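Bear in mind the structure is a predicted one, so any value in this text is a computation, not a measurement.
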Amino acid sequence: MVPVILSGGSGTRLWPLSRAGFPKQFLSFDGTFSLFQLAVKRLCAISMDGVRIADPVIVANEEHRFIIQDQLKAIGVERFDIIPEPAGRNTAPALTLATLRAAQGEADPLCFAVPADQQIPDQQAFQSAVHAAISATDQFSIMTLGIRPDRPETGFGYIRFVPESGDQPPNASAVSQFVEKPDQTTAEAYVQSGHYLWNSGMFILRAGKWLDALKRFRPDIAEAVVKAWDAHTQDGCFLRPDAALFRQCPSESIDYAVIEPCSAAGDSIGVVPLDAGWSDLGAWNAVWQTGNQDAQRNVCRGDVIALDTTGSLLHSTGRMLAVVGLRDMVVVETPDAVLVAPLEKSQAVKDVVSILQQQQRPEAVTQRQVHRPWGWYMSVDEDSRFKVKRIMVKPGASLSLQMHHHRAEHWIVVKGTAEITCGEQVSLFTENQSTYIPLGMKHRLRNPGTIPLEIIEVQSGSYLGEDDIVRFEDTYGRAK
């Protein structure tokens, strides 16, 4: 069985913590692992007689490929394939890319496709449900996990199932209908009936079955993705479909493209109920519901002082956050933005992101700390003619050989050892030493040591935008 992790979401409802450049699947909400790391660990930990777990296949945004690589290595996963999407085309094309890759290594393997941004605290219940679903794949062409609803929820799709009968595998039921997000009255009726589950977006299916069904119901998607995959190139662990061909692919979800048409056509789809504390963490109220609440029903993270405050989510990433007299609120502090909203209005946070995007403000995309394949940088201060950054370079990593047309740079080493190329000269600098990079000079920063390198960079010039960069050589294959 091939674990397939679909990591293309943007998590706009969890702004300002989640942003396009570092969305919610890469965040940790319990102080340990990110949602993406937890998804990989869950799938790789599946143990079942007769089932071998293959190396995971991750389909993700091109801009996130190095974040994914770092997070996989951080949890000890050394063998994996990452398929960077040249453009977002929803989950059906993404799963198609993964099944085409999976079919290259195995003869029609099972694929277990899951979103990268879900929270499932009860691992034992998850494993039991997966075992039941795998056992039922001989009887059903497609299996899914459905979440037992604990409330009438209007934000999820629902699955209607046929109650178990003697000729069905234990815990597995036939799906009779996939239904769209209901209104409140309909959702209440669904929950009261006991015959509906939430659609989790997790599917177990044969690679060949998926491709056959896609050709049957959406031949346009199948043709476009197959053409793009046939022309793919490989760069280490990155398998890149042809960008121009993939951009011609229509955008569609797994459910709309295949699952719902299969169900309507009478194909055998099975569902196993999952009762494991599942949450899609779709908005801040969901983070509050699943968080560790104190005696006042507050969920606090970071440096927080809460007086006469109840039922609130209070999250600080750095500065002290003090609140007084709040009821059922969410307050999230980051270095460059603060969100304050009633928990009941947390779905509307996506509208704030839409405004930021319309205004082309950087807060919609990046935080102060921006991740790069070589490490990260954080903006500390800036004005029209200067900018101050903290820069961390991982051991053995280096920035590209580059130059700037409009700015000069001063570098001060505060931790570790820096190998600095400036023109034709290569020098080593250690803590408390500094150097100057003139405007227009080719330069490179490298960490030759075994500990992270940290420097303070002071830029000065007439234009300080990140696009004022000309790359001559780059270890990571980024555009020149």
Side-chain angles (χ1 to χ4, degrees), residues 21-22 26 28 34 37 62-78 80 82 84 235-238 318 335 366-382 386-404 407-461 464-480:
F22 201 83
F26 304 122
S28 171
S34 71
Q37 289 173 316
E62 166 80 17
E63 296 300 317
H64 302 153
R65 65 193 188 281
F66 293 111
I67 299 173
I68 289 173
Q69 188 178 35
D70 287 346
Q71 291 207 351
L72 287 169
K73 290 183 177 179
I75 58 175
V77 178
E78 299 291 339
F80 49 81
I82 299 173
D235 173 19
C237 64
F238 303 123
T366 60
Q367 302 221 27
R368 286 279 179 88
Q369 181 170 313
V370 178
H371 293 262
R372 288 290 184 258
W374 41 261
W376 52 259
Y377 70 83
M378 178 184 293
S379 297
V380 178
D381 192 14
E382 65 180 292
F386 79 90
K387 180 182 291 186
V388 181
K389 288 182 177 180
R390 285 180 59 196
I391 297 177
M392 187 281 287
V393 184
K394 295 180 289 188
S398 68
L399 282 68
S400 58
L401 180 64
Q402 57 186 253
M403 64 161 283
H404 309 295
R407 70 174 186 255
E409 296 173 340
H410 299 258
W411 290 348
I412 305 167
V413 179
V414 296
K415 180 181 178 182
T417 300
E419 179 189 281
I420 296 174
T421 300
C422 186
E424 299 299 321
Q425 185 174 357
V426 179
S427 307
L428 289 178
F429 292 82
T430 56
E431 294 179 10
N432 299 319
Q433 293 184 318
S434 63
T435 190
Y436 170 66
I437 310 296
L439 182 151
M441 180 70 70
K442 284 186 180 181
H443 61 279
R444 168 176 263 160
L445 175 64
R446 190 175 83 87
N447 180 0
T450 58
I451 64 172
L453 164 66
E454 294 188 20
I455 73 167
I456 300 298
E457 176 183 89
V458 180
Q459 303 175 359
S460 60
L464 305 173
E466 293 299 326
D467 56 347
D468 178 22
I469 180 172
V470 179
R471 289 193 177 99
F472 300 97
E473 297 175 11
D474 184 62
T475 305
Y476 309 102
R478 293 171 295 175
K480 294 183 179 180

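Nearest heavy atom pair, residue Ile437 against residue Cys422, reads CD1-SG, 3.9 Å. For the residue pair Arg446 and Ser398, the shortest heavy atom distance occurs at CG-CB, 3.4 Å. The two residues His64 and Gly21 make their nearest non-hydrogen contact at CD2-O, 3.8 Å. Annotation for Ser34 and Gln71: closest pair OG-OE1, 2.6 Å, computed over non-hydrogen atoms.
Rounded to the nearest 0.5 Å, atoms CD1 (Ile391) and CD1 (Ile412) are 11.5 Å apart. Rounded to the nearest 0.5 Å, atoms CD1 (Ile67) and CD1 (Ile82) are 11.0 Å apart. Between the CG atom of Leu399 and the CD1 atom of Ile469 there is a distance of 8.0 Å, given to the nearest 0.5 Å. Here Arg368 contributes atom CZ and Met378 contributes atom CE; the two are 9.0 Å apart, rounded to the nearest 0.5 Å.
The side-chain hydrogen bond (donor to acceptor under 3.5 Å, both in side chains) check on His404 picks up Gln402, Arg407, Glu409, His443, with sequence neighbours excluded. Take Arg372 and apply the salt bridge (charged side-chain N to carboxylate O under 4.0 Å, His left out) test, not counting sequence neighbours, and it matches no residue. Judged as a ring pair (Phe, Tyr, Trp, His ring centres under 6.0 Å), and not counting sequence neighbours, the contacts of Phe238 are Phe66. Asp70 pairs by the salt bridge (charged side-chain N to carboxylate O under 4.0 Å, His left out) definition with Lys394, not counting sequence neighbours. Among residues two or more places apart in sequence or in another chain, the side-chain contact (heavy atoms from CB on, under 4.5 Å) test is passed with Thr366 by Pro362, Val370. Under the side-chain hydrogen bond (donor to acceptor under 3.5 Å, both in side chains) criterion, Lys389 pairs with Glu466, sequence neighbours left out. Not counting sequence neighbours, Glu78 has no partner by the side-chain hydrogen bond (donor to acceptor under 3.5 Å, both in side chains) test. For Phe386, the side-chain contact (heavy atoms from CB on, under 4.5 Å) test picks out Asp381, Asp383, Val388, with sequence neighbours left out. Qualifying side-chain contact (heavy atoms from CB on, under 4.5 Å) partners for Leu428, counting only residues two or more places apart in sequence or in other chains: Thr417, Glu419, Pro448.
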For a quick test of your reading: what N or O donor-acceptor pairs under 3.5 Å do the side chains of residues 450-460 make, sequence neighbours left out?
| residue | atom | partner | partner atom | Å |
| --- | --- | --- | --- | --- |
| Glu457 | OE1 | Gln459 | NE2 | 2.7 |
| Glu457 | OE2 | Trp411 | NE1 | 2.9 |

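Pairs of residues two or more places apart, or lying in two chains, that qualify as side-chain hydrogen bond (donor to acceptor under 3.5 Å, both in side chains) and include a residue from residues 422-433 are Gln425-Ser427, Thr430-Gln433.
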Original post:
Does the pair Gln69 and Phe80 meet the rule for a side chain to side chain contact (heavy atoms under 4.5 Å, CB included), with working shown?
Top reply: CA-CA 9 Å; Gln69 188 178 35; Phe80 49 81; 4.1 Å; yes
**OP:** Begin with the C-alpha distance, continue with both residues' side-chain angles, and end with the deciding distance and a verdict on side chain to side chain contact (heavy atoms under 4.5 Å, CB included) for Gln367 and Phe22.
**Re:** CA-CA 8 Å; Gln367 302 221 27; Phe22 201 83; 5.7 Å; no
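More than 12 heavy atoms of other shown residues, nucleotides or ligands fall within 6.0 angstrom of atom CZ in Arg444.
In this structure the side chain of Ile68 reaches within 4.5 angstrom of the side chain of Phe26, judged on heavy atoms. Counting only heavy atoms from C-beta outward, the side chains of Met403 and Phe472 approach each other to under 4.5 Å. Taking 4.5 Å as the limit, every side-chain heavy atom of Ser434 sits out of range of all side-chain heavy atoms of His410.
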